[in-house]
Amino acid sequence: MNNEIYEMYKSNFSYINREEKTVRTIIDNDKNIVFEKRNSNNELIGCAIVNDNAILLLVVDEKYRNIGIGNELLNKCEKAIIENGYDKVVLGVGFDYLMPGVPTSKKYTESIHENLKPEVNDNASTFFEKRGYKHS
């Protein structure tokens, strides 16, 4: 399964530059709680990884987006975090990170020399903001 998650990560976040070994080590962490969603052919179409109070990954393949899978995975993550005694959810950065937060093209602060890849949009940040999350 972890190879499937790595492949899903790479295909959906091809613009993120992290060493494969680092990503695989994070995905394989013993403390991770992994949630997955599969289609009728048992293909992985969405997954999420929680570690302590951090959601390290929440991804749904593009053709399966906007039908509730992301909400379902997020709800499972939040429930696991609360059940493990935390009262705050962190997105992206925990003991380590697959990406430093939520990928977005939104400007929260002024920046210079910012060269975002064309694939980066505000879909992920909008998804979380609609559910009460705030950039910090």
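For this chain, numbers begin at 1 and follow the sequence in order.
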*Looking at side-chain heavy atoms only, is the closest gap between Ile49 and Ile55 below 4.5 Å?*
no
Atom pairs and distances, donor-acceptor, side-chain atoms in residues 87-96, under 3.5 Å, two or more places apart:
from	atom 1	to	atom 2	distance (Å)
Asp96	OD1	Arg18	NH2	3.0

*If we only count heavy atoms from C-beta on, is the Ile16 to Leu98 side-chain gap below 4.5 Å?*
no
*Charged N to carboxylate O below 4.0 Å: is that the case for Glu36 and Arg38?*
yes
*With sequence neighbours excluded, what pairs up with Asn41 under the side chain to side chain contact (heavy atoms under 4.5 Å, CB included) test?*
Asn39, Glu43
*Can you tell which of Lys37, Glu4, Met8 makes a side-chain contact (heavy atoms from CB on, under 4.5 Å) with Cys47?*
Met8
*Calculate, to the nearest 0.5 Å, the distance between atoms CD and CD1 belonging to Glu83 and Ile81 respectively.*
11.0 Å
Side-chain donor-acceptor distances from residues 25-35 under 3.5 Å, at least two apart:
from	atom 1	to	atom 2	distance (Å)
Thr25	OG1	Lys21	O	2.8
Asp28	OD1	Asn2	ND2	2.4
Asn29	OD1	Lys31	N	2.8
Asn29	OD1	Asn51	ND2	3.1
Lys31	NZ	Asp52	OD1	2.9
Lys31	NZ	Asp52	OD2	3.1
Asn32	OD1	Asn51	ND2	2.9
Asn32	ND2	Ile26	O	2.8
Asn32	ND2	Ile27	O	3.0

*asked:* Can you give me the closest heavy-atom contact between Ser11 and Asp61, atom names plus distance?
replied: OG-OD1, 4.2 Å
_Restricting to side chain to side chain donor-acceptor pair (under 3.5 Å), what partner residues turn up for Glu20, sequence neighbours left out?_
Arg24
*asked:* Tell me every residue that passes side chain to side chain contact (heavy atoms under 4.5 Å, CB included) with Glu62, counting only those two or more places apart in sequence or in another chain.
replied: Arg65
*Search all heavy atoms of Val59 against all heavy atoms of Leu73 and return the closest pair with its distance.*
O-CD1, 4.1 Å
*Considering residues at least two apart in sequence or located in another chain, which fulfil the salt bridge (Lys or Arg N to Asp or Glu O under 4.0 Å) criterion with Lys10?*
none
